[in-house]
Amino acid sequence: MKDYRLRLPGPTSVPERVRQAIARPVLSHRGPEFTEILRRSEEMLQPVLGTRNRVFFFASSGTGMMEAALVNVLAAGERVLISTHGQFGDRFVAIAGALGARVDTLDIPWGLAPTASQVEERVRSVDYRAVVVVHNESSTGVVADLAAIGAVLRERNALLVVDSVSGLGGVEMRQDEWGVDIVASASQKALMCPPGVGVISMSDKAWETVNRDDRLPRFYWDFRKARAAVEKPETPFTTPVSLMAGLHEALEMIHEEGLPHVLARHQTVSRALRAGCAALGLASYPKAEKISSTVVCLNVPENLNGKDIVGRLKERYGTVIAGSRNKLEGRVIRIGTMGCVSAGDILTDLAHLEATLRELGWAVAPGAGMAAAAALLQEESYAR
Ligand SMILES: *Cc1c(COP(=O)(O)O)cnc(C)c1O
């Protein structure tokens with residue numbers, strides 16, 4: 001596995017320190033050693049979320065947290081508005097539909113983000129239980145303006161439910177200030193852990209709804225159980241204790257580096273990678289104002305196929321990036337810039353990408369991508 005470079009927009013490669021933490025002996029999930037890990041993880045995650053809410057951990061991937069959020073908020077037949085500005089918005093539509101909710105979509109062209117005025121127009125005419133927005137759309141590389149959307153919903157009944165699975169820890173989140181009622185996230189993206197831990201944080205406004213007995217049927221996902229347990233502090237069922245030890249270590253690393261620096265590093269590295277890719281002839285896909293700093297989405301030149309680029313990068317160079325598993329298949333490729341990503345990582349990406357493109361018959365000046373990225377890295381005086 002020496003030459004295996006995991007460069008996906010999740011799961012992401014996990015730092016050695018985190019892997020060591022996960023490898024420690026398994027702890028009792030109700031013992032004092034683990035309780036301390038749980039307590040400290042919550043304490044360290046709160047500033048990353050920008051919240052004073054309690055934080056809940058589940059054995060789950062991100063999709064489980066998306067479903068859990070809806071199960072706790074909705075009752076059968078209740079109305080929910082979902083922004084579909086990418087693949088994960090579509091997934092929310094599928095989940096809400098499966099749960100028997102009455103779903104309306106805010107159809108946004110992919111590559112753009114929903115605006116506050118678009119949301120306002122819709123919530124003015126319908127009393128929705130919830131408005132669902134993906135913070136960082138990993139399929140398109142777009143970041144939604146949650147501050148503006150939150151301001152629209154703050155004085156209304158509708159709850160703002162947000163998926164920040166691929167944002168949290170890499171893109172700024174200020175849950176309390178922005179009025180985000182539920183944040184759903186997971187361990188395997190910018191939080192630098194393997195997949196397996198889901199995260200939920202909820203506002204008091206959300207609790208008023210979640211505490212009602214007339215919500216959708218729920219047991220494992222029942223946030224009321226999580227709340228009762230967190231007082232001890234515990235989780236209602238067995239937490240993946242080893243993964244939690246890893247998450248605890250990852251959060252220590254984030255705070256040692258300093259959250260502002262972590263967010264700035266994601267910005268710099270993603271910008272430099274985009275600049276480098278543009279120099280290679282791969283233009284950035286998103287057209288929105290706010291572009292993701294955790295995933296770089298790139299248009300594939302007309303006469304190339306994204307699948308060939310992804311395949312060859314893996315086969316020849318061990319660099320594992322993502323294509324698209326939706327209507328952009330073959331046309332868009334994606335590289336993760338989340339978690340423990342450095343300038344060295346993206347320069348290597350660009351070296352491998354340049355060689356791959358050349359091998360596929362695409363003419364690029366030698367070193368053009370790396371030079372463009374290096375210029376930007378130097379400009380932002382960031383050399384790691
Ligand atoms: C990765 C991701 C998810 C969760 O996917 P899982 O495979 O279930 O962990 C959800 N939303 C977004 C935006 C993501 O990037």
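First listed ligand is number 1; within each ligand, the first listed atom is number 1. As the structure is a computational prediction, the values presented were derived from the model and not from experiment.
Ring orientation note: the planes of Trp178 and His135 are nearly perpendicular, at an angle over 60° on the 30°/60° scale.
Within the structure, ligand 1 lacks Met65 among the residues with a heavy atom less than 4.0 angstrom away. Heavy-atom distances between Arg91 and ligand 1 reach below 4.0 Å in at least one pair. By the 4.0 Å heavy-atom criterion, Gln188 is counted among the residues contacting ligand 1. Within the 4.0 Å heavy-atom shell around ligand 1 one finds Asn136.
Between Arg102 and Glu78 there is no salt bridge, since no side-chain N of the basic residue sits under 4.0 Å from a carboxylate O of the acidic one. In summary, Asp176 and Arg52 do not engage in a salt bridge, as defined by a charged side-chain N under 4.0 Å from a carboxylate O.
Between Thr294 and Asn136, the side chains place a donor N or O and an acceptor N or O closer than 3.5 Å (distance only, hydrogens not considered). Of the N and O atoms on the side chains of Gln118 and Thr115, at least one donor lies less than 3.5 Å from an acceptor on the other residue.
At the shortest separation from atom 8 (O) of ligand 1 among protein heavy atoms lies Thr63 OG1, 2.4 Å. Of the protein's non-hydrogen atoms, the one nearest atom 4 (C) of ligand 1 is Gly62 CA, 3.6 Å.
Here atom 11 (N) of ligand 1 lies nearest to Asp163 when heavy atoms of Val295, Asp163, Thr294 are compared.
Close contacts of ligand 1 with Ser138, meaning ligand atoms under 4.0 Å from a residue heavy atom, involve 12 (C), 13 (C), 14 (C), 15 (O). Residue contact check: Met66 has heavy atoms under 4.0 Å from atoms 10 (C) of ligand 1. Less than 4.0 angstrom separates some heavy atom of Ser166 from each of these atoms of ligand 1: 13 (C), 15 (O). Near Lys189, meaning under 4.0 Å from one of its heavy atoms, ligand 1 places the atoms 1 (C), 2 (C), 3 (C), 14 (C), 15 (O).
Within the 4.5 Å cutoff, no side-chain heavy atoms of Lys327 are placed close to those of Gln87.
Residues Trp110 and Tyr285 keep their aromatic ring centres 6.0 Å or farther apart. A ring-centre distance under 6.0 Å is not found for Tyr317 and Tyr4.
Not a single N or O atom of Val134, backbone or side chain, sits closer than 3.5 Å to an N or O atom of ligand 1. Any N or O atom pair closer than 3.5 Å counts here, and Glu137 shares no such pair with ligand 1.
Panel note: side chain Thr84, backbone Gly89; no donor-acceptor pair is recorded below 3.5 Å.
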